[in-house]
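Fair warning: this is a prediction, and the values are worked out from it, not measured in the lab. Both backbone and side-chain heavy atoms feed into the values below; hydrogens, waters and symmetry mates do not. Just so we're on the same page: letters track the sequence lines, and every chain starts at 1.
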There are 2 protein chains.
Amino acid sequence: MSDSLSAKFAALADPTRRAMLARLALSELTLADLAKPLEMTVPAVAKHLAVLERAGFVTRSRPTKSVARPAKLQVAAFSEMADWIEKCRVHWEGSFDRLAAYLETPEAKGAEDA
Amino acid sequence: MSDSLSAKFAALADPTRRAMLARLALSELTLADLAKPLEMTVPAVAKHLAVLERAGFVTRSRPTKSVARPAKLQVAAFSEMADWIEKCRVHWEGSFDRLAAYLETPEAKGAEDA
DNA sequence: ATTTTATATACCTATTAGTATATATGTCGG
DNA sequence: CCGACATATATACTAATAGGTATATAAAAT
């Protein structure tokens, strides 16, 4: 499970982490904020947050003057996964015209396989 | 990691399994076929295949007259994941007009969060 | 000084990925 | 029919990882 794509899928394979991402979509949140609704200790939430951070879904601001390190969602991290899944859809679900439409997009030119 | 969505993400969090799916996209394959290019023992491949099967990505035909049980891709299994990711894109990547457009759709009314 | 926020460490348990090995079952050549 | 081979599965084992806890520590806010 070392490559970046695997890390992203693995990070999402947990309902707690998906719930955290859903809340981070609305606003930046500190560790304590994230832990509040999650019947779980703070260190446990910190571990989940670290998984999301390693996978690239989240960055945390540096503690300049405050102790709090709010986590912020990184939208771009989704593109790698979305590309892979889109490729699957094109292969398997997509009708031929849909494949044709995909091949016209700029992303299609430089795409690698997993 | 027990819910269906988690099982799907977890199943894709492994390069070996993604490679198996990629080959299954082209044709049905038996366990021996799948194992051939994968420097791994057959029982190990059988375990990976079982993970894909439990996640719903694959079904296997019943052994009526033959010993071989070719695995077949189940395209529909992708929709649950694709829906979740699409919801993320709408939330996070989408511009405001895109969000507005989504909120007009019927799915938006009854949508639950993960 | 106390409280809040965050992190680090050590520990436990369950799961995952892989192996080796054995066993059932069906195909095919005599 | 029978023995050999191919396909698939089951079991038992090891090693590593994941998810969680408790506890201790550091630093900043009040």
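Distance, B:R69 CZ to C:dA24 P: 18 Å, rounded to whole Å. When the C1' atom of D:dG19 is taken as reference, atom CE of A:M20 falls 13 Å away, rounded to whole Å. Protein atom NZ of B:K47 is 12 Å distant from nucleotide atom C1' of D:dT9, rounded to whole Å. Atom CG of B:L29 is separated from atom P of D:dT7 by 13 Å (rounded to the nearest Å). Going from atom CG of B:D33 over to atom C1' of D:dA8 covers 13 Å, rounded to whole Å. As rounded to whole Å, 13 Å separates atom P of D:dG19 from atom CG of A:L49. Rounded to whole Å, atom P of C:dA24 lies 19 Å from atom CG of B:L31. In this structure, the CG atom of A:D14 is 14 Å from the P atom of C:dT15, given to the nearest Å.
A:A11 and A:A55 get closest at one heavy-atom pair: CB-CB, 3.8 Å.
In the hydrophobic cluster analysis, where Ile, Leu, Val, Met, Phe, Trp and Tyr join through side-chain heavy atoms closer than 4.5 angstrom, A:L5 is grouped apart from B:V51.
A close approach under 4.0 Å does occur between a side-chain nitrogen or oxygen of B:T30 and OP1 or OP2 of D:dA8. The side chain of A:S66 places no N or O atom within less than 4.0 Å of a non-bridging phosphate oxygen (OP1 or OP2) of D:dA28. Listed pair A:R60 / C:dT7 meets the phosphate criterion, a side-chain N or O lying under 4.0 Å from OP1 or OP2.
Looking at the side chain of A:A68, the nearest of the listed nucleotides C:dA6, C:dG18, D:dG19 is C:dA6. Across C:dA6, D:dT21, C:dG18, the shortest atom-to-atom separation from the side chain of B:M40 is found for C:dG18. For B:V51, counting side-chain heavy atoms from C-beta on, the closest listed nucleotide (C:dA17, C:dT19, C:dT7) is C:dA17. The A:V67 side chain lies nearest to C:dT5 when the options are D:dA22, C:dT5, D:dA8. Side-chain atoms of A:R17 lie closest to D:dG19 of the nucleotides D:dG19, C:dG18, D:dA27.
Using a 4.0 Å heavy-atom criterion, one finds that B:A32 contacts the sugar-phosphate atoms exclusively.
Projected onto DNA chain D by closest heavy-atom contact, A:P43 and B:A46 fall at different nucleotides, the more 5' of which corresponds to B:A46. Closest-nucleotide positions on DNA chain C for B:R54 and B:A44 were compared, and the one nearer the 5' end corresponds to B:R54.
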Salt bridge (charged side-chain N to carboxylate O under 4.0 Å, His left out) between B:D3 and A:R18: does it pass, once the steps are laid out? CA-CA 12 Å; B:D3 62 300; A:R18 290 198 302 275; 2.9 Å; yes

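At a cut-off of 3.5 Å, with distance as the only test, a side-chain donor of A:S4 or A:E80 sits close to an acceptor on the other residue.
The aromatic rings of A:F9 and A:W84 stand perpendicular to each other, their planes meeting at an angle above 60°, with 30° marking the opposite boundary.
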